[in-house]
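Okay, so here's the structure we're looking at.
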Amino acid sequence: MKLRELIKDIKPLRIEGSLETDITSVNIDSRKIGRGHLFIAMRGTQVDGHQFIQKAISLGASAILCEKIPEGQETSEDVQDATFVEVSSTEDVAGMVATRFYGDPSRKLKLVGVTGTNGKTTIATLLYNMFRAMGHKCGLLSTVCNYIDGEAIPASHTTPDPIELNSLLGKMADSGCEYAFMECSSHAIAQHRIGGLHFTGGIFTNLTRDHLDYHKTFENYRDAKKTFFDMLPKSAFAITNADDKNGLFMVQNTRATVKTYSTQRMADYKAKILECHFEGMYLEMDGYEVGVQFIGKFNVSNLLAVYGAARMLGKPASEILLVMSTLKSVNGRLDPVRSSEGVTAIVDYAHTPDALENVLNAIHEVLNGKGQVITVCGAGGNRDKGKRPLMAQEAVKQSDKVIITSDNPRFEEPQDIINDMLAGLTPQQMKKVLSIADRREAIRTAVMLAKKGDVILIAGKGHEDYQEIRGVKHHFDDKEVVSECFRQ
């Protein structure tokens with residue numbers, strides 16, 4: 001593709017060189033640059049891509065998209081064949097350039113984005129599984145794994161960078177996918193990673209404190225989510241959680257057709273729990289009765305979002321509910337492991353105070369006072385420190401015993417993180433709390449404390465099969481560890 005065609009949708013401040021050069025690939029990672037490539041120099045949170053312009057050119061880059069053309073580059077003999085395109089913000093335009101290079105793939109399928117603090121993975125994955133069960137080829141972009149129909153592509157971020165994202169969507173379209181369902185993180189929205197994409201619909205789950213290490217304030221975090229709905233086209237639908245206080249705020253300026261879902265008030269899609277067991281629930285949903293293999297009121301909300309999206313995508317209620325009754329929980333979300341001694345362990349990704357509250361509520365709904373709850377939880381290192389004491393408070397509030405342990409400490413000392421969590425507890429609350437930095441030992445201790453009929457909640461990591469310590473990921477799977485402890 002000619003460079004002139006590639007930058008057609010953006011407004012350059014300055015151009016040095018020929019726009020007739022052929023571009024064979026687009027990259028933001030200088031290590032992947034080859035002959036004929038366009039290198040987009042991005043200013044990241046850790047590294048400034050402008051530092052690697054010379055490296056990209058030495059590797060054969062034919063063009064550079066940047067925010068400032070380096071002094072003397074336009075006249076240097078070494079780079080006389082490279083074209084420089086200067087823009088005010090490469091972050092703002094990278095998505096549009098990637099979309100054009102890959103042939104605007106999001107317009108070749110029906111793309112639905114899911115945003116919010118909790119529930120994104122569950123809703124996107126259940127929609128993917130549902131529409132595949134209905135006979136459609138589908139794509140999935142999620143925290144756990146990306147899929148091109150049935151082909152798994154490992155995921156490194158909740159939402160990939162704009163180049164990888166459009167590449168994956170292009171492969172989905174080329175393989176005949178009709179639908180694609182994706183998580184849209186607040187980082188991805190704020191960093192314009194989804195810029196240039198055409199969405200058929202958007203779903204809002206809920207909003208609680210998270211990622212304040214990046215967004216700095218709750219208002220910035222909230223507004224990043226709202227931006228997603230602000231940019232939806234008039235032809236799209238926007239489904240929002242009417243039970244969340246920010247639900248209607250999210251869609252107040254959208255051009256899309258708005259639909260609401262609720263378990264508590266009037267809404268377009270409603271549901272209530274009729275019966276609840278650890279094996280699942282019996283629900284009344286939108287006037288119909290259906291049995292599902294999920295537990296917890298928050299999962300009723302997730303299923304309502306799935307139901308609403310499927311309805312807006314043209315599927316009849318009868319078909320949706322039939323398939324919904326066969327769907328299973330997403331890996332690492334309220335994932336049960338049972339011992340031969342009658343103890344149930346629940347592995348869940350809950351890593352925010354609100355998510356922890358929801359999971360513990362779901363467990364108590366089923367237990368109904370007939371067993372104790374032992375919670376094992378921690379908090380991630382190099383992330384929002386303000387939520388650490390809140391996590392401990394939430395765990396203590398609804399558990400009979402709590403073991404505070406290490407999560408992914410990253411570059412922090414595990415004991416420092418634990419101390420931050422314990423700082424939120426009163427002397428009275430501390431009486432039912434243990435702190436064990438070694439996560440394996442913490443899980444083992446919980447198993448030793450549990451008696452028949454008790455439930456152990458192991459929260460924070462869910463589907464993750466690693467523990468990140470000092471920049472190194474060591475294999476660690478909560479489900480594997482608790483299963484091993486049960487056998488012993």
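Residues: numbered from 1 along the sequence shown. Computed from heavy atoms alone, side chains included, the values below leave out hydrogens, waters and symmetry copies.
- With hydrogens and angles left out, the side-chain atoms of Asn302 and Asn299 include a donor and acceptor closer than 3.5 Å.
- In this structure, Lys259 forms no cation-pi arrangement with Phe237, as its terminal cationic atom is not both closer than 6.0 Å to the ring centre and no more than 45° off the ring axis.
- Rounding to the nearest 0.5 angstrom, the gap separating the NZ atom in Lys120 from the CG atom in Asn206 is 8.5 Å.
- The local environment of NZ in Lys297 is sparse, with at most 12 non-hydrogen atoms from other residues, nucleotides or ligands closer than 6.0 Å.
- Between the CZ atom in Arg388 and the CG atom in Asp416 there is a gap of 8.5 Å [rounded to 0.5 Å].
- Between Glu468 and Arg439 no salt bridge is recorded (no basic side-chain N to carboxylate O distance below 4.0 Å).
- In this structure, Arg222 does not pair ionically with Glu219, as no charged nitrogen and carboxylate oxygen lie closer than 4.0 Å.
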For this session: Please report the C-alpha distance between Met172 and Tyr147 in whole Å, then the side-chain angles of each, then the deciding distance to 0.1 Å, and finally whether the side chain to side chain contact (heavy atoms under 4.5 Å, CB included) criterion is met.
Result: CA-CA 9 Å; Met172 291 174 191; Tyr147 284 91; over 6 Å; no
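- Donor-acceptor pairing under 3.5 Å is recorded for the side chains of Thr115 and Lys225.
- Judged by distance alone, with hydrogens and angles left aside, the side-chain atoms of Gln293 form a donor-acceptor pair with the main-chain N or O of Ser325 at under 3.5 Å.
- For Lys432 (side chain) and Val396 (main-chain N/O), a donor-acceptor pair under 3.5 Å exists by modelled atom type.
- When all heavy atoms of Ala310 and Ile320 are compared, the closest pair comes out as CB-CD1, 3.5 Å.
- The closest side-chain donor-acceptor pair between Asp286 and Tyr307 falls under 3.5 angstrom.
- We find the CD1-SG distance between Ile403 and Cys377 to be 10.0 Å, quoted to the nearest 0.5 Å.
- A donor-acceptor pair under 3.5 Å links the side-chain atoms of Asp161 to the main chain of Glu164, judged by distance alone.
- Atom CZ of Arg265 is surrounded by more than 12 heavy atoms from other residues, nucleotides or ligands within 6.0 Å.
- Separating the CG atom in Leu303 from the CE atom in Met130 is a distance of 8.0 Å, to the nearest 0.5 Å.
- Under the 6.0 Å cut-off for aromatic ring centres, Phe228 and Phe204 do not qualify, their centroids lying 6.0 Å or more apart.
- A donor-acceptor contact shorter than 3.5 Å links the side chain of Asp29 to the backbone of Arg31.
- In this structure, the side chain of Thr254 engages the main chain of Phe229 through a donor-acceptor pair within 3.5 Å.
- For the pair Lys461 and Tyr466, the cation sits on the ring face: its NZ or CZ lies under 6.0 Å from the ring centre, inside 45° of the axis.
- In summary, the side chains of Glu183 and Thr121 do present a donor paired with an acceptor at a separation below 3.5 Å, with no hydrogens or angles considered.
- Side-chain contact, Thr217 with Asn220: a donor N or O sits under 3.5 Å from an acceptor N or O.
- Here the rule is side-chain contact (heavy atoms from CB on, under 4.5 Å) with Val359, and of Asn118, Asp354, Leu334 only Leu334 fits it.
- When each of Asp268, Asn241, Asp243, Thr240 is checked for a side chain to side chain donor-acceptor pair (under 3.5 Å) with Thr260, only Asp268 meets the rule.
- A salt bridge links Arg470 with Glu413: the closest approach of a Lys/Arg side-chain nitrogen to an acidic carboxylate oxygen falls below 4.0 angstrom.
- One finds a salt bridge joining Lys397 and Glu394 here, because a Lys/Arg side-chain nitrogen approaches an Asp/Glu carboxylate oxygen to under 4.0 Å.
- Without hydrogens or angle criteria, Asp244 side chain to Leu207 main chain gives a donor-acceptor distance under 3.5 Å.
- Taking the six-membered ring for Trp, His136 and Tyr179 have ring centres closer than 6.0 Å.
- Of the possible polar contacts, one joining the Arg410 side chain to the Gly381 backbone as a donor-acceptor pair under 3.5 Å is found.
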For this session: Decide yes or no on salt bridge (Lys or Arg N to Asp or Glu O under 4.0 Å) for Lys370 and Glu365, but give the supporting numbers first.
Result: CA-CA 11 Å; Lys370 296 176 182 176; Glu365 285 165 20; over 6 Å; no
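- If you take CG on Asp174 and NZ on Lys108, they are separated by 6.5 Å, rounding to the nearest 0.5 Å.
- There is no side-chain donor-acceptor pair under 3.5 Å between His351 and Arg383.
- Asp454 contributes a side-chain N or O that, together with a main-chain N or O of Lys451, makes up a donor-acceptor pair within less than 3.5 Å.
- Atom-to-atom distance recorded for Asp420:CG and Gln415:CD is 10.5 Å, nearest 0.5 angstrom.
- Looking at heavy atoms from C-beta onward, Phe411 lies out of side-chain contact with Ile469 at the 4.5 angstrom threshold.
- A donor-acceptor pair shorter than 3.5 Å can be found between the side chains of Asn408 and Glu464.
- The environment of Lys315 atom NZ is dense: over 12 non-hydrogen atoms of other residues, nucleotides or ligands sit within 6.0 angstrom.
- In this structure, Asp149 pairs ionically with Arg132, as a charged nitrogen and a carboxylate oxygen lie closer than 4.0 Å.
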For this session: List the steps, then state whether salt bridge (Lys or Arg N to Asp or Glu O under 4.0 Å) holds for Lys479 with Asp335.
Result: CA-CA 8 Å; Lys479 201 169 179 179; Asp335 210 345; 2.9 Å; yes
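- The nearest pair of heavy atoms linking Ala309 to Ile203 is CB-CD1, 3.7 Å.
- Judged by distance alone, the side chains of Thr99 and Asp104 never bring a donor and an acceptor atom under 3.5 Å apart.
- Checked by atom type and distance alone, the side chain of Glu284 never pairs as donor or acceptor with a backbone atom of Ala271 at under 3.5 Å.
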Problem set entry | Step-by-step side chain to side chain contact (heavy atoms under 4.5 Å, CB included) determination, Phe476 to Arg440 | CA-CA 9 Å; Phe476 195 100; Arg440 187 179 297 272; 4.0 Å; yes
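- For the pair Ser399 (side chain) and Val402 (backbone), a donor-acceptor distance under 3.5 Å is absent.
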